[in-house]
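Right, one structure below, let's go through it.
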Amino acid sequence: MIIDRGLQTWQREKLSWLAPGARLGFVPTMGALHEGHATLLRRARQENDAVLLSIFVNPTQFNDPRDLELYPRPIEKDLQIARECGVDRVWLPEYQDLYPDEFHYRVDESFLSTQLCGRTRPGHFTGVLSVVLKLLGLAQISADPELQRAYFGEKDFQQLELIRGMVRAFALPWEIRPMPTVREPDGLALSSRNLRLSPAARAVAPRLYQVLRSATNLDRARAELEAAGFRVDYLEEHSFASGRRRFVAAFLEEVRLIDNVEI
Ligand code: PAF
């Protein structure tokens, strides 16, 4: 597995790295890899000739500096998971590689990004879309979207939908491949934030998914979640081209969990 610290080597080698017509699967992440990421990497491995993983904790998508500070960075463990999943190349860009403009240039989406998580996390999706645009641009090895696929999980469905929209809006030569949310046996969606739950909160956390799936309407869902000890941030249903979905964000102790299901 090749490890690129910074992007200079990649920029020099990217056009000669793969044989003409080879397919690239790209998995952009912020590290702290778990089974959800491993599923994306394994799928990228199955569907492509080469797999590129990026690990960059993107500061522009954090609203709370403390969240950024607390974000786990277990790089050696991440590289081990990458090896086990058959990744060919890992990028570890530095801030200056991705933000030579000091974030003066941004991708501003004006509709979906203001809803759901966008209401309580102003600027979050501008940071996500800006960094993903940069990453896709830097990872690009071909002008043919059939030869380049980028993988994102449905756990962050709003992010996935915004990235799909950006790729359409700017005619980026990438196929976006969504992957279903990976869950613990008790239903809790995998997330690096789960590690911050106390044992008591971890025991209650699977109720989020159970209630999201089973409640007959949103009022009941809210009442059931509050009774279980969640502080609900939002609980809403929205329609997309792929179908109607129910979304939730809720705090357990100080940890904010999100989830969504198709209805
Ligand atoms: O989902 C993530 O890990 C991040 O939001 C992403 C897409 C890698 C952008 O930093």
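Only heavy atoms go into these numbers, but all of them, side chains included; no hydrogens, no water, no symmetry mates. We count ligands from 1, going down the list as the structure has it; atoms in each ligand are counted the same way. Numbers for residues simply follow the sequence, beginning at 1.
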Q) Which of these passes side chain to side chain contact (heavy atoms under 4.5 Å, CB included) with Glu109: Leu129, Thr114, Thr126? A)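 One option only clears the test, and that one is Leu129.
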Cation-pi check for Tyr209 against Arg183: NZ or CZ below 6.0 Å from the six-membered ring centre and within 45 degrees of the axis, yes or no? yes
Mark yes or no: Arg149 above the aromatic ring of Tyr151, with NZ or CZ under 6.0 Å from the six-membered ring centre and no more than 45 degrees from the axis.
no
Any atoms of ligand 1 less than 4.0 Å from a non-hydrogen atom of [X]? List them with their elements.
| X | answer |
| --- | --- |
| Met30 | 3 (O), 4 (C), 10 (O) |
| Val131 | 9 (C), 10 (O) |
| Gln61 | 4 (C), 5 (O), 9 (C), 10 (O) |
| Pro28 | 8 (C) |
| Thr29 | 8 (C) |

Notebook entry, point to check: Of Tyr95, Tyr71, Tyr99, which meets side chain to side chain donor-acceptor pair (under 3.5 Å) against Asn58?
Noted result: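 Among Tyr95, Tyr71, Tyr99, the one meeting side chain to side chain donor-acceptor pair (under 3.5 Å) with Asn58 is Tyr99.
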Would Gln159 count as being in polar contact with ligand 1, using the rule that some N or O on each side must be under 3.5 angstrom apart?
yes
Nearest heavy-atom approach of Ser239 to Arg244 is OG-NH1, 2.8 Å
